K.L.:
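Would you mind keeping the following structure in view while I ask a few things?
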Number of protein chains: 2
Amino acid sequence: MLLTYDQILEQLKEKGINLSYQRLKVLDFLYKNQIHPTVEQIYLGLVKQIPTLSKTTIYNTLKILINAGLVREIPFKGRESCYDINLDPHGHFCCDSCNQIYDFQIDVNLIKSKDLEDFKIRDRDVYFKGVCSRCLSKI
Amino acid sequence: MLLTYDQILEQLKEKGINLSYQRLKVLDFLYKNQIHPTVEQIYLGLVKQIPTLSKTTIYNTLKILINAGLVREIPFKGRESCYDINLDPHGHFCCDSCNQIYDFQIDVNLIKSKDLEDFKIRDRDVYFKGVCSRCLSKI
DNA sequence: TAATATATTTGTAATCATTACAAAGTTAAA
DNA sequence: TTTAACTTTGTAATGATTACAAATATATTA
């Protein structure tokens, strides 16, 4: 379910979301830099091309993309939120040491609990913390 | 692994953590009100007994208890953090409508991913969002 | 017990990511 | 071309949390 760029554009069109130059560039950045960038990183990555760019625009664009269901926010506690255009169900791991966020494959839809039988579940987030293999091997 | 009150006190003693009157009252409140209270709720619940109580003290106490591994922070995005003295592995569900947080039974230790084989996992958090059964039935 | 050191609490101020807002700029429609 | 609708931008506000230092309480030592 990792959409191609064209599929993303198509979905936005379907939902009646206009893509201004700035919005297109933000989308582009997310698509080409699938490293869970922060608003700051997106800003720094684009401000050379768009010198007038404002962070408010990035926040605004991200909100639109999130509401359209095309981007997911990763709000690890104690750090800026990161943004993920990969909508495959998966978990996120944040390394205590290098602070990097890793995707890990897991089908969150398989997580069932009797306690939620009569609940309507909209979002399933799995956040792990610890030390990544790279940092472990450095010790 | 839901500790009794005495077991909690014992663990704190073992770890050399003093329990002042304020800290004891915060611990008490968490133990008696297992509703995932916020700092605000803890404050309002205790300020009548301890008129000089400061929120800083509550934050400070919670940090101590978290570091001692006796309390868990539940940082749902877009709302104050909640605090949970129930250390049984379980997930948390936040209702979009009534904003209440529900525990649900799930053994988070069973969530395995090949991608994390060489990672050291310290914390496993499962956060679901949606609408709870009570709010669904109100519609 | 008194004196001293240590720990804790408290209130205020600072922090910082995010949001609110309104003016300026852009694009589309009539 | 005029008007309306949308988008961007910069600044100011927000609000939970943290930093900090003075005040208070507790423990230790002589």
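Computed from a predicted structure; not experimentally measured.
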K.L.:
Just the rounded figure in Å: distance from P of C/dT9 to CD1 of B/Ile42.
P.N.:
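The answer, rounded to whole Å, is 14 Å.
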K.L.:
Check the distance between C/dA7's C1' and B/Leu19's CG and give it to me in whole angstrom.
P.N.:
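Atom-to-atom, B/Leu19 to C/dA7, this comes out as 13 Å.
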K.L.:
Determine which pairs satisfy side-chain hydrogen bond (donor to acceptor under 3.5 Å, both in side chains) with at least one residue from residues 2-14 of chain A, sequence neighbours left out, and list them in order.
P.N.:
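For residues 2-14 of chain A: A/Thr4-A/Gln7, A/Tyr5-A/Asp28.
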K.L.:
What are the bounds, 5' to 3', of the part of DNA chain D that sits under 4.0 Å from heavy atoms of chain B?
P.N.:
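The protein-touched segment is D/dA16 to D/dC20.
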K.L.:
Write down the atom of A/Ile85, the atom of A/Leu30, and the distance for their closest heavy-atom approach.
P.N.:
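Looks like CG2-O, 3.7 Å.
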K.L.:
What is the separation between atom CD1 on B/Ile64 and atom P on C/dT8, rounded to the nearest whole Å?
P.N.:
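It works out to 7 Å between those atoms.
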K.L.:
Between P on C/dT26 and OH on A/Tyr21, what's the gap in Å once rounded to a whole number?
P.N.:
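After rounding, the gap between these two atoms is 14 Å.
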K.L.:
In whole Å, I'd like the distance from the CG atom of B/Leu24 to the P atom of C/dT8.
P.N.:
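From B/Leu24 CG to C/dT8 P: 14 Å.
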K.L.:
Would you mind listing every side-chain hydrogen bond (donor to acceptor under 3.5 Å, both in side chains) that reaches into residues 65-77 of chain B, with sequence neighbours excluded?
P.N.:
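Pairs touching residues 65-77 of chain B that pass the test: A/Glu73-B/Lys77, A/Lys77-B/Glu73, A/Ser81-B/Lys77, B/Arg72-B/Asp123, B/Arg72-B/Asp125, B/Glu73-B/Ser81.
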K.L.:
Report yes or no: do B/Asp107 and B/His90 form a side-chain donor-acceptor pair below 3.5 Å?
P.N.:
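The criterion, which ignores hydrogens and geometry beyond distance, is not satisfied for B/His90 and B/Asp107.
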K.L.:
Over all strands shown, is B/Thr57 touching base, sugar-phosphate only, or nothing at heavy-atom distances under 4.0 angstrom?
P.N.:
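B/Thr57: base contact, heavy atoms under 4.0 Å.
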K.L.:
Give a yes/no answer on whether the side chain of B/Gln22 brings an N or O atom under 4.0 Å of OP1 or OP2 in C/dT10.
P.N.:
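For C/dT10, OP1/OP2 do have a side-chain N/O of B/Gln22 under 4.0 Å.
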K.L.:
Return the set of residues passing ring pair (Phe, Tyr, Trp, His ring centres under 6.0 Å) with B/Tyr59 (not counting sequence neighbours), or none when no residue passes.
P.N.:
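None.
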K.L.:
Check whether any side-chain nitrogen or oxygen of B/Asn60 sits under 4.0 Å from OP1 or OP2 of C/dT8, and answer yes or no.
P.N.:
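Indeed not, no polar side-chain atom of B/Asn60 lies that close.
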K.L.:
Quick one: pull up NZ in A/Lys15 and CG in A/Leu70 and give me the separation to the nearest 0.5 Å.
P.N.:
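The NZ atom of A/Lys15 sits 5.5 Å away from the CG atom of A/Leu70.
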K.L.:
Check the interface with nucleotides 16-19 of chain C: list each N/O to N/O pair with the protein under 3.5 Å, or write none.
P.N.:
unit_1	atom_1	unit_2	atom_2	d
C/dT18	OP1	A/Ser81	N	3.2
C/dT18	OP1	A/Ser81	OG	3.3
C/dT18	OP2	A/Tyr59	OH	2.6
C/dT18	O5'	A/Tyr59	OH	3.4

K.L.:
Is any side-chain heavy atom of B/Tyr102 closer than 4.5 Å to a side-chain heavy atom of A/Phe119?
P.N.:
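When only atoms from C-beta onward are counted, A/Phe119 and B/Tyr102 do touch, with a gap below 4.5 Å.
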K.L.:
What pairs meet the side-chain hydrogen bond (donor to acceptor under 3.5 Å, both in side chains) rule with one or both residues in residues 113-122 of chain B, with sequence neighbours excluded?
P.N.:
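Residue pairs passing side-chain hydrogen bond (donor to acceptor under 3.5 Å, both in side chains), neighbours aside: A/Asp96-B/Arg122.
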K.L.:
With a 4.5 Å heavy-atom cut-off, do A/Leu65 and A/Leu12 have their side chains touching?
P.N.:
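Yes, close enough: below the 4.5 Å cut-off.
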K.L.:
Within the structure, does a side-chain N or O atom of B/Asn18 lie under 4.0 Å from either OP1 or OP2 of C/dT8?
P.N.:
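Answer is yes, contact under 4.0 Å.
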